[in-house]
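For reference, the structure is listed below as structure tokens.
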Amino acid sequence: NFAARDDYRQIAVVDAPAVLGHDEWHAIDASVGLASMEAGLAVLAAEGLLAEPPDRSLAILLFGALTEASLAAAREDGDADDLFAAFERLVDRLA
């Protein structure tokens, strides 16, 4: 899992926020990650795998959950496999 890798931990959790500042780091992360989340939800909706059409609010909430899971795994605050399995269960419940 990428979030448990030492290089990810160093770059994403330590270096990036320290160099860029939290707000800029988050803006960069969200500019890519949130668009990816919205696109992924659109695909799930197009395939009939979501009970309701997704909106930006849902994408923001899921992006936040996935971001925090990645950071927790990188900080070793939880097992990466368990964190991402829990995220998958959360998305599955949207069906």
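All values below come from the heavy atoms of this structure, side chains included, with hydrogens, waters and symmetry mates left out.
- Looking at residues two or more places apart in sequence or on another chain, you find a side-chain hydrogen bond (donor to acceptor under 3.5 Å, both in side chains) between Glu76 and Arg9.
- Linking Ile, Leu, Val, Met, Phe, Trp and Tyr whenever their side-chain heavy atoms come within less than 4.5 Å leaves Tyr8 and Ile28 in two separate clusters.
- A tilted orientation is assigned to the rings of His22 and Trp25, their planes being inclined by 30° to 60°.
- With respect to Pro54, the side chain to side chain contact (heavy atoms under 4.5 Å, CB included) criterion is satisfied by exactly one of Val43, Leu94, Leu41, Leu44: Leu41.
- Pairing each heavy atom of Ala16 with each of Ala12, the nearest pair is CB-O, 4.2 Å.
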Only distances under 3.5 Å count here; give the side-chain donor-acceptor pairs of residues 56-75 to other protein atoms, sequence neighbours excluded, each with its distance to 0.1 Å.
from	atom 1	to	atom 2	distance (Å)
Arg56	NH1	Glu38	OE1	3.2
Arg56	NH1	Glu38	OE2	2.9
Thr67	OG1	Phe63	O	2.8
Glu68	OE2	Arg75	NH2	2.9
Ser70	OG	Leu66	O	3.0
Arg75	NE	Asp77	OD2	2.7
Arg75	NH2	Asp77	OD2	3.2

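- For Asp15, the side-chain hydrogen bond (donor to acceptor under 3.5 Å, both in side chains) criterion is met by Gln10, not counting sequence neighbours.
- Linking Ile, Leu, Val, Met, Phe, Trp and Tyr residues whenever their side-chain heavy atoms come within less than 4.5 Å places Phe84 and Leu90 in a single cluster.
- Atom CG of Leu34 sits about 9.0 Å away from atom OG of Ser36, to the nearest 0.5 Å.
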